[in-house]
Amino acid sequence: MTNPFPYADDNKRYHTWNYDLHRRFGKKVFKVSLNAGFTCPNIDGTKGTGGCTYCSGSGSGDFAGNPRDSLSVQFDAVRMQLHQKWPHASYIPYFQAHTNTYAPLSYLQQCYESVLSKPGVVGLAIATRADALPQDVVDYLAELSQRTYLLVELGLQTTFDQTAKHINRGHTYAEFLQGYQKLQDKGIQTCIHLINGLPFETRDMMLENISRVAQLHPNSVKIHLLHLLKGTKMAAEYQQNPFPLFSLDEYVSLVCDQLELLPASIVIQRLTGDGAKEDLIAPLWSLKKFVVLNEIDKELTRRNSWQGKYAQPPVQTLS
């Protein structure tokens, strides 16, 4: 069967980040995950304490570098691991762990510029929260985006305030929209993160999450599978009062439904989530990442469907 999806040069029926980067740079480009030792306003008491209940001690940077090492040492170590597989690739340093705009501007500049100067670097990715974007930082990011490929990744996770409160997210959907708009006003490329399977969210709510994000029309999206890690508050909650977790088939079906609602031009950076094997409590099938992705491919083919098949036109302004 011929692939009906226009943004693909393989069997994928969704707009992969690999495809997008290859079109931009003409070669393989991979992220080099870094841990700059930042904290979070939801940990230090500014917005809350304890952090999000699903978040590990590494601040969702479980596969990033060692924060005890300098950024230069981290970059070289992670780059060399990936370079064995892709010896001719270029790199995008990825500030992944915790909230990577949550520091004085001068320190942020020092961190970002130190890795941008590395040979082979073609851009920068910065993971942060929408409530940690002061105007001086946004202005600097706008300047940065004029001289390199820049992607700011915003953890939204859910558009429902009752869920956000339950997981101790520390901000509302309205606050997220305010931060997102700051980036849009400056023309800064943005990736939005969502988590499927948060406690007490129904399938309809998860489809509503993706529909709302589709209307925002970010440059890219990451869809994560909720996975429970040892030592997190959510894992303790689950052990005390278990809530439903996805089976593989249920998850694949939901993700395909969500892809059908996302405009085809939105880049899909991630479609699942996987924790370190030694820390993962459930669901254990999430360890087989390529099985999950292959099942998504097969389900889209079975449906004769693709990303954006049922997408609606994006809104032009936020209200």
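Bear in mind the structure is a predicted one, so any value in this text is a computation, not a measurement.
Using a 4.5 Å heavy-atom threshold, the side chains of Leu194 and Thr158 count as separate. Side-chain contact between Lys230 and Ile281 is present, with at least one heavy-atom pair separated by less than 4.5 Å. Using a 4.5 Å heavy-atom cutoff, the side chains of Glu153 and Tyr94 are in contact. Residues Val78 and Lys31 have side chains not in contact (no heavy-atom distance under 4.5 Å, counting atoms from C-beta outward). Contact of the Arg13 side chain with the Asn304 side chain is registered, since non-hydrogen atoms from C-beta on lie closer than 4.5 Å. Put simply, the side chain of Tyr91 does not reach to within 4.5 Å of the side chain of Val29, judged on heavy atoms. For the pair Val115/Val32, no side-chain contact is recorded, criterion being any heavy-atom separation below 4.5 Å from C-beta on. Between Ile268 and Gln307 there is a side-chain heavy-atom pair separated by less than 4.5 Å.
For the residue pair Glu237 / His166, a side-chain donor-acceptor distance below 3.5 Å is found, with atom types taken as modelled. His193 and Gln157 share no side-chain donor-acceptor pair at under 3.5 Å. Side-chain polar atoms of Gln258 and Asn196 form a donor-acceptor pair below 3.5 angstrom. Checked by atom type, the side-chain pair Ser247/Asp249 shows no donor-acceptor distance below 3.5 Å. Between the side chains of Ser90 and Lys27, at least one donor N or O lies within less than 3.5 Å of an accepting N or O. Thr159 and Arg212 form a side-chain donor-acceptor contact under 3.5 Å, judged by distance and modelled atom types alone. Looking only at atom types and distance, the side chain of Arg169 has no donor-acceptor partner in the side chain of Thr53 under 3.5 Å away. Side chains of Gln181 and Asp185: a donor-acceptor N/O pair is present below 3.5 angstrom, by distance only. Donor-acceptor pairing under 3.5 Å is recorded for the side chains of Ser265 and His217. Neither side chain, Arg24 nor Tyr19, offers a donor N or O lying under 3.5 Å from an acceptor on the other.
With rounding to the nearest 0.5 angstrom, the CE atom of Met206 is 12.0 Å from the CD1 atom of Ile223. If you take CD on Glu113 and CG on Leu108, they are separated by 11.0 Å, rounding to the nearest 0.5 Å. The CG atom of Asp161 lies 8.5 Å from the OG1 atom of Thr163; values are rounded to the nearest 0.5 Å. Thr190 OG1 to Leu216 CG: the interatomic distance, rounded to the nearest 0.5 Å, is 10.0 Å. Expressed to the nearest 0.5 Å, how far SG of Cys256 lies from NZ of Lys298 amounts to 11.5 Å. Atom CD of Glu201 sits about 11.0 Å away from atom CG of Leu207, to the nearest 0.5 Å.
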Stepwise, does the side-chain hydrogen bond (donor to acceptor under 3.5 Å, both in side chains) test hold for Arg203 with Ser253?
CA-CA 10 Å; Arg203 182 187 180 92; Ser253 175; 3.2 Å; yes
Could you give me the CA-CA distance, side-chain angles and deciding distance for Lys186 and Asp139, then say whether salt bridge (Lys or Arg N to Asp or Glu O under 4.0 Å) is met?
CA-CA 8 Å; Lys186 294 290 187 177; Asp139 291 341; 3.3 Å; yes
Let's go through Leu151 and Gln269 carefully: what are the C-alpha distance in whole Å and the side-chain angles of both, what is the deciding distance for side-chain contact (heavy atoms from CB on, under 4.5 Å) to 0.1 Å, and is it a yes or a no?
CA-CA 12 Å; Leu151 185 67; Gln269 284 205 41; 2.8 Å; yes
Could you please spell out the steps behind the ring pair (Phe, Tyr, Trp, His ring centres under 6.0 Å) verdict for Tyr173 and Phe160?
CA-CA 7 Å; Tyr173 185 44; Phe160 290 95; 8.6 Å; no
Take Tyr112 and Leu141, measure what side-chain contact (heavy atoms from CB on, under 4.5 Å) needs, and give me the verdict at the end.
CA-CA 10 Å; Tyr112 301 160; Leu141 293 174; 4.2 Å; yes
Determine, step by step, whether Leu21 and Ile92 satisfy the side-chain contact (heavy atoms from CB on, under 4.5 Å) criterion, reporting the C-alpha distance in whole Å, the side-chain angles of both residues, the deciding distance to 0.1 Å, and the verdict.
CA-CA 10 Å; Leu21 290 175; Ile92 293 177; 4.1 Å; yes
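Side-chain rings of Tyr14 and Phe5 stay apart, their centers remaining 6.0 Å or farther from each other. Aromatic ring centres of Phe30 and Trp86 lie closer together than 6.0 Å. For His98 and Phe38, the ring centers sit 6.0 Å or farther from each other.
Proximity of a side-chain donor or acceptor of Ser114 to a complementary backbone N or O of Cys111 within less than 3.5 Å is detected. Under a 3.5 Å cut-off, the side chain of Trp306 and the backbone N or O of Ala264 do not form any donor-acceptor pair. Distance alone, capped at 3.5 Å, is enough to place a donor-acceptor pair between the Asn168 side chain and the Gly51 backbone. Of the possible donor and acceptor atoms, none in the side chain of Thr148 sits under 3.5 Å from a partner among the backbone N and O of Ser145. Not a single donor-acceptor pair under 3.5 Å links the side chain of Asn100 to the backbone N or O of Ile126. With Thr232 contributing its side chain and Ala235 its backbone, the two residues share a donor-acceptor pair below 3.5 Å. Of the possible donor and acceptor atoms, none in the side chain of Asn219 sits under 3.5 Å from a partner among the backbone N and O of Ile266.
A salt bridge links Glu175 with Lys47: the closest approach of a Lys/Arg side-chain nitrogen to an acidic carboxylate oxygen falls below 4.0 angstrom. The residues Asp76 and Lys118 are annotated as salt-bridged, a charged nitrogen and a carboxylate oxygen being separated by less than 4.0 angstrom. Salt bridge absent: Asp10 and Lys12 never bring a charged side-chain N and a carboxylate O closer than 4.0 Å. Contact check on Asp274 versus Lys288 returns no salt bridge, with no Lys/Arg side-chain nitrogen under 4.0 Å from an Asp/Glu carboxylate oxygen. No salt bridge links Glu295 with Lys289; every basic N to acidic carboxylate O contact stays at or beyond 4.0 Å. With respect to Arg23 and Asp9, a salt bridge is recorded, a charged nitrogen being found less than 4.0 Å from a carboxylate O. Salt-bridge check for Glu299 with Arg303: passed, with a basic side-chain N closer than 4.0 Å to an acidic carboxylate O.
Test Val292, Thr272, Leu225 against Leu248 for side chain to side chain contact (heavy atoms under 4.5 Å, CB included) and you get one pass: Val292.
Here the closest heavy-atom approach between residue Ile188 and residue Ala142 is recorded as CD1-N, 3.7 Å. The shortest heavy-atom contact between Pro199 and Ile167 is CD-CG2, 4.3 Å. Here the shortest heavy-atom pairing between Gly197 and Leu226 reads O-CD2, 3.0 Å. Across all their heavy atoms, Ser286 and Leu280 have their closest contact at OG-CD2, 3.5 Å.
The number of heavy-atom neighbours closer than 6.0 Å to CZ of Arg147, taken from other residues, nucleotides and ligands shown, is above 12. Taking a 6.0 Å sphere around CD of Gln240, one finds it holds 12 or fewer heavy atoms contributed by other residues, nucleotides or ligands.
Follow the hydrophobic side-chain contacts under 4.5 Å out from Ile43 and you never reach Tyr102; the two are in separate clusters. Leu254 and Trp285 fall within the same hydrophobic cluster, where Ile, Leu, Val, Met, Phe, Trp and Tyr residues are linked whenever their side-chain heavy atoms come under 4.5 Å apart, directly or through other members.
In this structure, Lys222 is not positioned above the aromatic face of Trp17 in the sense of NZ or CZ being under 6.0 Å from the six-membered ring centre and within 45° of the axis.
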